[in-house]
*Asks:* 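This is the structure I have questions about; it appears just below.
Residue numbers start from 1 in every chain, and the chains themselves are labelled A, B, ... in the order their sequence lines are given, proteins ahead of strands.
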Amino acid sequence: MIFSLNLSFSDLLLLVPEIFLTCWLCVVLIVDFVSPRLPKEQLAYLSVAGLAITLGCLAWFDVSHISGALFGNMFVLDRMAIFFKVFILGATILVILSSVEYVNRFTLFRGEYYVLVVMSALGMMFMASANDLLSVFVSLEFSTLGFYVLVSYLRDDLASNEAGLKFFILGVFAAGLFAYGISLVYGETGQLVFSEMSSAQATPGLIIGFLLIFAALGFKIGAVPFHSWIPDTYHGAPTPVTAFLSIAPKGAALVILFRIFLVALASFKPVWVYLLVAVSIVSMTYGNIVAIAQRNIKRLLAYSGIAQIGTVLIGLAAGTKMGSDAILFYLLAYLFANLGAFAVVIAVSQAIGKDEIEDYRGLNRRSPFLAFAMLLFLLSLAGVPPLAGFIGKLYIFVAAIKEGLYTLITVGLINIVISMYYYLIVVKQMYINEPIDPSPIRISAPLKTVIYVGLAGTLVIGIYPQPFTDWVVEATLMFSNFVTPSATALPSAGHVGS
Amino acid sequence: MGEHALLYILFAPFLGALGLIFVSNRQPLLVRGIAASAAFVSLIASIYLFYAYDPVKGGFQFVEKLEWSRQLGISLHLGVDGIGTPLVLASTILLFAGIFVSWHIKDRTKEFYIWLLILAAATIGVFMSLDLFFLYFFYEMSVIPMYLLLGMWGSHTKTYLEMTDTEGMKRRDSVGFIFNFGSNSKEYAAMKLVLFLSAFAVMALMGILLIYKYSGLNTFDILVLREQANLMNIPVLGTTLDKIIWVLVFFGFASIAPLWPMHSWSPVGHAAAPAATSMLHAGVLMKLGHFSIIRVAFEILPETTREMMPIAAVLCMFSIIYGGFVAYYAKDTKYVIGYSSSSHMGYVFLGMAALNYISLSGAVIYMFAHAMATGMLFAMAGWVYDQTHTRDIPSLGGLSNKMPFISACFIVGCMASIGMPGTVNFIAEIMIIVGSWNKYPLQVVVAMLGIVLTLAYLFKMMRGLFYGPMNQKYGHAHDAISTVDRLPLLIMISVSIGFGIFPMHLYDVVRSGVDPLIVKITEVVPVAQSGDGAGPPSAIGLPEIGTTPPIVANKTLPTPMLTSPGGSE
């Protein structure tokens with residue numbers, strides 16, 4: 001493979017967001033060093049400013065349709081990559097805002113916390129653009145490196161250390177599987193770039209290679225049976241990190257799953273659809289049933305996250321453009337609802353110091369705003385209209401039923417009902433039970449901002465989804481070349497019913 | 001107003017709920033004022049709608065269409081026909097009355113009204129949706145407010161399952177018992193309601209998704225689907241697809257109706273709910289089931305409906321008799337009314353199953369009539385509970401001395417529920433019975449028995465509450481004196497009796513909705529009203545009658561029950 005590295009400035013333009021963010025990261029680090037007396041909130045806002053500028057730059061790319069590929073197709077900037085970069089940056093901004101107050105719990109290295117969060121975000125931005133197996137591996141490990149540290153950031157807390165260790169050991173194991181998978185795939189096909197593998201023959205080596213890669217990515221998104229780290233890690237990690245972990249890496253790993261399944265392996269769809277159906281069914285059912293038994297809100301959200309990923313995989317199993325539209329849309333809904341829910345968890349744990357579901361007793365009396373916000377976030381996760389999660393689930397089901405995945409949809413629908421139960425248990429604690437200590441709960445301004453953003457997103461996407469569906473449809477246009485023709489013909493409203 | 005009446009009706013409660021968010025609970029009068037004015041706007045608009053609806057023109061009127069999602073083929077398509085119009089009116093009346101019934105709620109007043117308004121708006125939304133997606137959207141949206149209303153402002157059902165007959169023998173709802181995990185708490189009732197309804201709702205959603213897929217039209221629009229969708233004769237799993245869809249849709253929606261044996265959530269929910277919620281629940285929420293079956297199954301799968309509707313005819317017998325007997329043995333006031341509602345909903349299924357003009361019109365009018373009657377009863381049971389803090393009938397008695405107005409209204413409520421001539425219930429009942437006689441004589445006999453049972457348990461409850469020796473513990477109870485307390489009852493009574501005496505417009509409106517449906521399902525063109533009572537069925541073939549447009553309501557007919565059943569078959 002020969003790289004032509006004669007980069008022009010217009011090529012570098014595609015890398016501007018990443019380059020800028022890297023420089024900004026260094027600035028934040030230097031500022032932290034040279035003025036140690038600076039309040040750490042300022043660092044948070046400084047990081048948010050950098051992320052926001054990057055976000056603005058990407059939005060400009062999106063509007064002016066800038067796209068292209070660099071380094072011999074290792075790095076692509078297509079609409080999909082832009083979507084996920086915006087997604088990851090948005091999540092990072094919300095996570096940083098929700099950690100402003102929480103950071104005071106850390107005994108040391110409060111400034112570096114923000115640097116690590118932004119660093120992980122940077123890694124995930126590269127993941128969104130990675131178009132061959134090597135760049136996927138490097139960027140994936142780069143982003144995970146930040147997470148290993150972040151998860152065990154509560155130095156003196158045993159649970160946090162355990163979470164970090166568990167995450168690290170399993171993460172390294174997954175990285176090993178991934179590397180082995182890459183070597184097998186490369187050995188069989190002689191290719192590393194996804195789009196050039198589509199003509200490969202189904203040899204045992206290739207199948208095993210891709211299964212190993214799928215296992216590693218399944219670890220990232222937390223699908224059953226690669227989920228075992230999720231509950232303990234979510235439970236032990238600092239809550240903002242849990243929030244970050246629950247959304248951004250899943251988004252980043254899904255881009256890669258898209259590129260593998262819908263681009264590299266598009267011709268093997270009849271084979272891998274069974275794999276995805278099985279993983280999806282098991283994830284949904286396991287996640288939801290085990291969530292019923294949880295006593296801790298972070299564990300509950302962890303298991304609910306496993307179930308949500310199962311739902312997302314329904315869309316991937318559909319394997320059409322519409323399926324990927326639905327997944328992108330669902331992720332948007334999930335972003336607002338999940339980060340919002342974690343923001344409420346942070347607010348409550350700041351006031352009470354614990355995360356047990358019991359502690360939510362009578363939250364409605366102590367802080368009607370928090371209780372109402374949590375209610376809407378949980379209902380959106382459960383998929384109740386008129387909230388974003390409902391439209392997301394319906395979008396996925398519609399995409400799947402067009403491909404005739406009846407079993408999967410039936411299981412998905414049953415799981416909506418199961419999930420309703422445990423979300424309502426929390427609602428019951430908040431609204432029906434009376435508080436033991438009725439003192440009001442104070443919410444800090446940045447946290448309130450996050451909750452407002454979450455509420456706005458959850459309601460607006462649910463009530464007026466058209467701009468968002470337009471956006472996701474544009475973001476997946478690249479797939480119309482690869483997937484079955486039935487899905488490429490988008491129904492336009494003019495034809496409907498005429 | 002005018003053309004956009006539907007938007008006012010639907011969005012006034014939503015906007016009222018939104019406005020309430022910004023009001024403090026420390027100003028209870030402002031809170032109630034906003035809620036009442038939102039409901040009032042909705043009520044006025046729906047009265048306008050009801051009288052502006054043109055039954056001669058028929059079809060869907062006041063149509064609004066806003067594109068909502070191009071990719072999924074969803075539009076916010078609203079419109080009412082002769083079936084939706086009276087139900088919208090019933091919902092807004094009950095919402096308005098419910099606001100006054102719950103005037104004295106002290107705990108978290110604001111939140112109560114927010115959820116009540118959302119609940120009512122969601123049910124209204126179902127009655128005017130012409131898009132399968134939005135039908136489901138509003139349907140499912142009505143479930144969560146129920147959970148919170150029951151859980152936060154409801155009351156525990158202490159005497160649940162403790163039913164004894166005159167010899168002191170224990171009785172129980174054995175079908176409901178299967179799903180009962182021995183809990184009498186309101187939390188249990190609320191959770192049971194949500195899980196039951198959601199479980200069956202996703203079943204209906206599966207049916208809707210199958211319609212979407214196999215129609216191949218990329219749309220959820222009911223009007224497009226009913227014209228163009230061809231779902232017949234697709235073999236699936238040893239049967240045909242249309243039957244599977246029909247079963248999914250029918251049982252999915254029948255659970256909220258509630259059809260036996262899927263009724264067990266309903267009386268428990270009624271009993272735990274606060275008065276206004278029970279009113280909306282029994283008054284309109286249960287009708288979502290029948291309405292959605294008519295809108296989805298009848299409109300889109302007419303031939304399958306003709307073939308499969310006997311299922312409903314069989315199950316409705318159990319509903320009527322079973323519900324009636326349990327209501328007879330129950331000792332909890334709301335429990336009695338709850339089971340009576342689920343028993344009376346069996347009549348609606350009977351009217352729907354017989355599939356002819358008279359019976360289906362009767363079923364629709366019955367939905368409207370029952371909303372008023374059961375609304376009254378629940379409002380008064382709520383009043384008695386507020387005064388005495390018990391719903392245990394044996395421990396009550398002699399309240400007529402303390403509350404003469406309530407007991408007088410209660411008698412009217414019972415009369416309406418039984419179907420006394422002079423109330424709109426009578427018209428509906430007689431139409432169902434007359435209309436179904438030819439096709440389902442056995443069921444009609446059962447329905448008659450059901451009326452006798454209704455008489456028995458309502459009179460038993462009335463005697464238990466208002467007559468006999470007074471329990472001195474409740475000496476402090478007082479009557480509804482203020483206008484605020486009397487207004488809701490007076491509204492519902494006047495509507496019930498008003499339409500009982502002047503039913504023509506209601507009848508015309510309902511017929512204009514029912515006629516095209518029955519034409520589609522049975523392919524029998526209605527005789528241009530056999531008002532002379534001698535219109536033989538063979539008259540259909542006569543050319544001069546055959547040219548009559550199918551949607552004709554005879555203005556000269558004094559009352560609909562004079563219509564001969566033979567003319568419609």
Side-chain angles (χ1 to χ4, degrees), chain A residues 322 325-326 329 364-365 368 371-372 375 379 382-387 390-391 393-395 397-404 406 409-410 412-421 424-425 427-428 431-433 462-466 468-470 472-473 489-498, chain B residues 14 21 25 67-75 108 110-111 114 118 122 133-134 136-144 147-148 150-152 154 185-187 190-191 194-203 205-206 208-210 212-214 216-221 223-225 227-228 236:
Chain A
M322 192 176 189
D325 295 347
F329 188 88
N364 178 247
R365 297 237 187 246
F372 182 69
L375 171 73
L379 292 182
V384 171
L387 304 169
F390 170 70
I391 318 290
K393 285 201 166 128
L394 191 95
Y395 206 155
F397 290 147
V398 167
I401 200 148
K402 285 197 167 175
E403 295 304 301
Y406 303 114
I409 294 170
T410 313
L413 287 172
I414 293 169
N415 270 291
I416 288 185
V417 183
I418 302 177
S419 72
M420 206 91 116
Y421 176 73
L424 283 180
I425 293 276
V427 174
K428 182 187 135 197
Y431 275 87
I432 298 176
N433 292 359
I463 293 168
Y464 187 60
Q466 186 66 60
F468 301 94
T469 47
D470 283 346
V472 299
V473 165
L490 260 184
S492 76
H495 303 148
V496 172
S498 60
Chain B
F14 277 130
I21 292 177
N25 247 334
E67 190 173 68
W68 198 72
S69 170
R70 269 192 302 281
Q71 284 76 28
L72 295 169
I74 299 168
S75 53
R108 294 178 274 194
K110 175 178 110 173
E111 279 93 337
I114 290 177
I118 292 178
F133 170 81
F134 271 101
Y136 183 82
F137 183 92
F138 287 123
Y139 181 92
E140 185 66 26
M141 201 171 152
S142 65
V143 173
I144 293 299
Y147 179 81
L148 292 165
L150 256 71
M152 288 164 79
S185 67
K186 58 184 181 179
E187 290 90 348
M191 187 65 91
V194 170
L195 294 184
F196 238 85
L197 291 187
S198 303
F200 284 100
V202 296
M203 201 167 142
L205 181 61
M206 187 72 196
I208 289 174
L209 287 171
L210 286 172
Y212 178 83
K213 169 168 166 105
Y214 281 95
L217 298 166
N218 269 322
T219 179
F220 283 100
D221 197 313
L223 296 187
V224 177
L225 287 170
E227 298 303 330
Q228 299 178 16
V236 181

*Asks:* Got B:M203 and A:L413 here, is their nearest side-chain heavy-atom distance under 4.5 Å?
*Replies:* no

*Asks:* Do A:D470 and B:R70 have side-chain heavy atoms sitting under 4.5 Å apart?
*Replies:* yes

*Asks:* Can you say whether A:Y431 sits under 4.5 Å from chain B via the side chain, the backbone, both, or neither, judging by heavy atoms?
*Replies:* both

*Asks:* Please classify the contact of B:I144 with chain A as side chain, backbone, both or neither, using a heavy-atom distance under 4.5 Å.
*Replies:* side chain

*Asks:* Below 4.5 Å from any heavy atom of chain A, which atoms of B:M141 appear? Answer side chain, backbone, both or neither.
*Replies:* both

*Asks:* If you define the side chain from C-beta out and look only at heavy atoms, does anything of A:I391 sit under 4.5 Å from B:F133?
*Replies:* yes

*Asks:* Which one, A:L394, A:L387, A:I414, leads in non-hydrogen pairs under 4.5 Å with chain B?
*Replies:* A:L394

*Asks:* Nearest 0.5 Å, what's the CD-CG distance between A:Q466 and B:L72?
*Replies:* 9.0 Å

*Asks:* Hey, what do you get for CG (B:N218) to CE (A:M322), rounding to the nearest 0.5 Å?
*Replies:* 7.0 Å

*Asks:* Start with the C-alpha distance between B:E187 and A:N433, add both sets of side-chain angles, then the distance that settles side chain to side chain contact (heavy atoms under 4.5 Å, CB included), and finish with yes or no.
*Replies:* CA-CA 10 Å; B:E187 290 90 348; A:N433 292 359; 4.1 Å; yes

*Asks:* Considering only heavy atoms, which portion of B:E227 lies under 4.5 Å from any heavy atom of chain A: side chain, backbone, both, or neither?
*Replies:* neither

*Asks:* Report yes if some heavy atom in the side chain of B:Y147 is under 4.5 Å from a heavy atom in the side chain of A:I432; otherwise report no.
*Replies:* yes

*Asks:* With only heavy atoms counted, which part of A:I418 is less than 4.5 Å from chain B, the side chain, the backbone, both or neither?
*Replies:* neither

*Asks:* Given side chains that start at C-beta, do those of B:M206 and A:F397 come closer than 4.5 Å, heavy atoms only?
*Replies:* no

*Asks:* Can you tell which of A:V417, A:V427, A:L424 makes a side-chain contact (heavy atoms from CB on, under 4.5 Å) with B:V194?
*Replies:* A:L424

*Asks:* Are B:Y214 and A:I401 close enough that some pair of their side-chain heavy atoms sits under 4.5 Å apart?
*Replies:* no

*Asks:* List in chain and number order the residues that pass side-chain contact (heavy atoms from CB on, under 4.5 Å) with B:A201, two or more places apart in sequence or in another chain; answer none if no residue qualifies.
*Replies:* B:Y136, B:Y139, B:E140

*Asks:* Go through the atoms of B:L148 and report whether side chain, backbone, both or neither lie under 4.5 Å from a heavy atom of chain A.
*Replies:* side chain

*Asks:* With heavy-atom distances below 4.5 Å as the criterion, would you say the side chains of B:R108 and A:N364 are in contact?
*Replies:* yes

*Asks:* If I measure from the heavy atoms of chain A, does B:L210 come under 4.5 Å with its side chain, its backbone, both, or neither?
*Replies:* both

*Asks:* Side chain, backbone, both or neither: which part of B:F138 has a non-hydrogen atom closer than 4.5 Å to chain A?
*Replies:* neither

*Asks:* Using 0.5 Å steps for rounding, measure from the CE atom of B:M191 to the CE atom of A:M420.
*Replies:* 10.0 Å

*Asks:* Hey, could you give me the CD1/CZ distance between A:I463 and B:F137, rounded to the nearest 0.5 Å?
*Replies:* 7.0 Å

*Asks:* Where does A:F372 contact chain B at under 4.5 Å (heavy atoms): side chain, backbone, both or neither?
*Replies:* side chain

